[in-house]
Amino acid sequence: MHPNGGSVVTDKKSLRPFRLLRQDLRHLRERYISDWTIFNQLIVASAVFVFFSNILPGLTFANDLYVSTDANWGTIEVIFSTGLCGVIFSLASAQPLTILGVTGPFCILAENLFSLCQSSFGIPFLPFMAWSLIHAAWMHWLLAIFNAHDWTMIYVTTFSTEIFSLLNSVIYFHKAIQELQRVHNQTSFASFLYSIIGTIGTLLVAMFLSTAEKWKPLFHRYIRMGLSEYAAAISIIIFIGLPHVGELATLDRDTLHVSLTFRPTNPERSTFFVQFWHLPISWIFAAIIPGCIITILFFFDHEISSIICTEDRFRTRKPGGPAWDIVLLGCTTAMCGILGIPPANGLLPQAPLHSQSLLHRETDFTTSSGINDDDKSDANGSYTVYEQRWSHFLHASCILCFVSPPFMHVLGLTPTSVLAGLFLYMGEQSLSVNPILFRVFHLLTPPTELPQLPEGIASYIPVHLYTIFQVLVTAGIFVVTLTKAGPAFPVLIMALVPLRLTLMRRIWSRDVLRYVDQWACRNGTPEDSNEEERRSQLQDDDIVHDIEAELADQVPRTSTVFEGKELHWGDD
């Protein structure tokens, strides 16, 4: 069974229409009531934690979109999309542990599309984006109807997911640099210097507080847990208030741009609705191309997000529903296009953080007999996740509340330097758990200090080459995102899957690839699967050979004379 609820099927049943959808809807009925029966303090704390870890990155992307899309999208659009899509998924999705929001890769895609619409196409951005998202919606539905989860994600390995995660980290770091560049261009030099202090300070304080659980015996356990879980929020609050103290209050500041009423950021728009039918018919069909690219990005992003929030270490028991969630994602994507807001999809960094915040210890008592025949109880426990919908619903509802003018005014106090610091923190958090980082450290470690390799790998040289190749591929894709070909970068991400399964196995040995890579959506490695297939094929060949030999023995060996030669029936 697939960890996200769908069985791995590789035969002709994979293409049977609606097979996964029927299965997912059955699983959704079975789990839905029980998802609302669990509610406690840990769930509330998780909702607060995910609220900050979702809305704060959203604000950073909102400020970036405000500049790069010429105010077509801003803070209220990002908050509206994140809250609305989150509430819908908390109520109707098959896997409520997945967290939705506006992602960095989509922001890059939107920025490039806006640039093309303005400089090359000469058409309005929002109607073209609306049609792109509408096309992406029906493509999502087709993928779900024809069980795309079974014949795509089972071939994804950690080679691709690690590169995608590293690309996200690089994007975060690049966004932070861009924010500081804007501050430098729009404020005085003194203000710019303080912005650097605010950016680095936000990063360092958040990183310092995130280690609070290791401060034992300092403070009570709950205080340490609170400091660790709300590290980013505490750091941001400190550096939002600091510029208002003393002489710092006299500095000019570049703050987050917000709407003071419930209306779009662009002053030319009065309502959240796009008249998408006014676009010329030729451009409506042309929007299929970016729609396809968005579909690839969202499908890959959301599937991986759902998988990593249900990893074995979280011990999830309830089935998910990859096909139904993709249908629901298609619906919210089309809805966002029509409303003129950026679409939300699965967030890679926040999804496992959500599951991590819901971990609790389940204790099982086992009875054993003592020396004097006295029964003794031993407490054996394991960590598992509260699988419910409350934490997703509560945090998404709170985010949705921030579209109201009073709360939006509070967001407007946030300096952009703090957002740059948050970008750095998000990049650091994402990078710190990426296996590529540890293999890069191995590149800098003397050979005598490296861990021992498994049998079959003579040296670290092929492992180092594998790591260097991943870094170079990530750098190449990132460079593509900075060009006019940027919208096509999701296609490059997906192209890594066949590259890994075909070309790379000719360059690296089977033992090396088994050591550094594995399937992302199932147990084992591609090399193990190849050996099983080859072993199965050899067994089939042996069976066929035995049958042929048995049949040959059963053929009567009679002889006759033909053209003067003695022939035996059964001979070749």
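Keep in mind that the numbers below use all heavy atoms, side chains included, and drop hydrogens, waters and symmetry copies.
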Are side-chain heavy atoms of [X] and [Y] found at a separation under 4.5 Å?
{"X": "F89", "Y": "N345", "result": "no"}
{"X": "I507", "Y": "L503", "result": "yes"}
{"X": "L339", "Y": "L84", "result": "yes"}
{"X": "Q470", "Y": "L166", "result": "no"}
{"X": "C85", "Y": "M335", "result": "yes"}
{"X": "T474", "Y": "I477", "result": "no"}
{"X": "L100", "Y": "T82", "result": "no"}
{"X": "F298", "Y": "L329", "result": "yes"}

Using atom types as modelled and distance alone, determine if a side-chain donor or acceptor of [X] lies under 3.5 Å from a backbone N or O of [Y].
{"X": "T69", "Y": "L65", "answer": "yes"}
{"X": "E77", "Y": "G74", "answer": "yes"}
{"X": "T187", "Y": "R253", "answer": "no"}
{"X": "T255", "Y": "L413", "answer": "no"}
{"X": "T250", "Y": "E247", "answer": "yes"}
{"X": "D70", "Y": "Y66", "answer": "no"}
{"X": "S132", "Y": "F128", "answer": "yes"}
{"X": "R224", "Y": "K214", "answer": "no"}
{"X": "H354", "Y": "L97", "answer": "yes"}
{"X": "S228", "Y": "S210", "answer": "yes"}

Whether R500 and D517 form a salt bridge (side-chain N of Lys/Arg under 4.0 Å from carboxylate O of Asp/Glu) is what I want to check. yes
For the pair E111 and K175, find out whether any cationic side-chain nitrogen is under 4.0 Å from an anionic carboxylate oxygen. yes
For a quick test of reading the model, state the closest non-hydrogen atom pair linking [X] to [Y] and the distance between them.
{"X": "S417", "Y": "T199", "answer": "O-OG1, 2.9 Å"}
{"X": "L358", "Y": "S391", "answer": "CD1-OG, 3.9 Å"}
{"X": "L394", "Y": "A47", "answer": "CB-CB, 3.9 Å"}
{"X": "I326", "Y": "H140", "answer": "CG2-O, 3.4 Å"}
{"X": "R263", "Y": "S270", "answer": "NH2-CA, 3.7 Å"}
{"X": "G340", "Y": "L126", "answer": "O-CD2, 4.3 Å"}

Can you say whether the rings of [X] and [Y] are parallel (under 30°), tilted (30 to 60°) or perpendicular (over 60°)?
{"X": "F438", "Y": "F441", "value": "perpendicular"}
{"X": "F478", "Y": "H174", "value": "perpendicular"}
{"X": "F51", "Y": "F402", "value": "tilted"}
{"X": "F192", "Y": "F189", "value": "tilted"}
{"X": "Y460", "Y": "H442", "value": "perpendicular"}
{"X": "Y172", "Y": "F61", "value": "tilted"}

Please say which of W283, W131, F114 ends up in a ring-ring contact (aromatic ring centres under 6.0 Å, His included) with F125. F114
Centroid separation under 6.0 Å, is that true for the rings of F159 and W508?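 That pair fails the under 6.0 Å test.
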Residues, nucleotides or ligands: over 12 heavy atoms within 6.0 Å of [X] [atom1]:
{"X": "L465", "atom1": "CG", "result": "yes"}
{"X": "F173", "atom1": "CZ", "result": "yes"}
{"X": "I468", "atom1": "CD1", "result": "yes"}

Can N63 and T416 be counted as having a side-chain donor-acceptor contact under 3.5 angstrom?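 Result is no, nothing qualifies.
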Does one side chain, of H302 or D325, offer a donor that lies under 3.5 Å from an acceptor on the other? no
Distance-only check: which donor-acceptor pairs under 3.5 Å involve side-chain atoms of residues 101-110, not counting sequence neighbours?
unit_1 : atom_1 : unit_2 : atom_2 : d
T103   : OG1    : F106   : N      : 3.4

